[in-house]
Amino acid sequence: MELSDLTIFCAVVEMGGISPAAHALNRVPSNITSRVKKLEAELNTALFIREKNRLRPSPTGEQFFTHAKEILAMAESAILKINNTT
């Protein structure tokens, strides 16, 4: 699992779908879909409930979203601390 996977996952949750997340991240929708599926395979669980043309976080996805945001915030904090000491 990479930080970029978490960034993509969080964008899909926050934006409410693959296409808006792809647009916000300057990626093609197929790349976003592939990365979400890869993350779900790594975690061996569905992070989204797929309904027709909608995606919404599953209960597990909602829990993971909280953790993913914390991890991304910690990574950003670490980067800022390192950059401020040099």
Side-chain angles (χ1 to χ4, degrees):
M1 178 182 327
E2 300 174 25
L3 290 178
S4 59
D5 295 335
L6 299 181
T7 300
I8 288 169
F9 168 74
C10 289
V12 173
V13 172
E14 291 168 346
M15 303 285 187
I18 298 290
S19 293
H23 185 263
L25 298 171
N26 294 318
R27 295 176 182 252
V28 294
S30 60
N31 176 263
I32 302 296
T33 300
S34 296
R35 299 289 290 273
V36 168
K37 288 182 179 182
K38 174 183 164 257
L39 186 58
E40 288 178 318
E42 286 179 26
L43 296 171
N44 197 31
T45 190
L47 297 172
F48 292 97
I49 297 170
R50 289 156 172 87
E51 302 169 326
K52 296 181 183 175
N53 292 330
R54 278 190 59 196
L55 273 184
R56 62 184 175 95
S58 67
T60 303
E62 290 175 7
Q63 289 179 331
F64 188 70
F65 178 67
T66 301
H67 295 296
K69 293 298 284 183
E70 290 172 358
I71 292 166
L72 291 170
M74 286 190 298
E76 181 66 24
S77 176
I79 291 167
L80 289 173
K81 285 181 183 179
I82 295 298
N83 288 336
N84 288 332
T85 60
T86 56

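For the pair F65/P57, no side-chain contact is recorded, criterion being any heavy-atom separation below 4.5 Å from C-beta on. Two residues are said to be in side-chain contact when any heavy atoms from C-beta on lie closer than 4.5 Å; V12 and V36 meet this criterion. Side-chain contact between Q63 and P59 is absent, with no heavy atoms from C-beta onward closer than 4.5 Å.
Hydrophobic clustering, with ILVMFWY side chains joined whenever heavy atoms are under 4.5 angstrom apart, groups L43 together with V13.
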Name every donor-acceptor pair, under 3.5 Å, that has one atom in a side chain of residues 14-26 and the other anywhere in the protein, sequence neighbours excluded.
{"residue": "E14", "atom": "OE2", "partner": "K69", "partner atom": "NZ", "Å": "2.7"}

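Looking only at distances, a side-chain donor or acceptor of T7 sits under 3.5 Å from a matching main-chain atom of L3. A donor-acceptor pair is defined here as one N or O able to donate and one able to accept, closer than 3.5 Å; no such pair exists between the side chain of D5 and the backbone of M1.
Separation of atoms NZ (K38) and OG1 (T33) is listed at 14.0 Å; rounding is to 0.5 Å. Note that CD1 of I79 and CD of E76 are 5.5 Å apart. Values are rounded to the nearest 0.5 Å. Note that the CD atom of E40 and the CG atom of L47 stand 4.5 Å from one another [nearest 0.5 Å]. For the atom pair I8 CD1 and L39 CG, the distance stands at 9.5 Å (nearest 0.5 Å).
Electrostatic pairing of E42 and R35 does not count as a salt bridge here, judged by no charged N lying under 4.0 Å from a carboxylate O.
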### Task
May I have the step-by-step check of ring pair (Phe, Tyr, Trp, His ring centres under 6.0 Å) for F48 and F64, ending in yes or no?
CA-CA 11 Å; F48 292 97; F64 188 70; 9.9 Å; no
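Shown here for T60 and A46, the closest heavy-atom pair between the two residues is CB-O, 4.2 Å.
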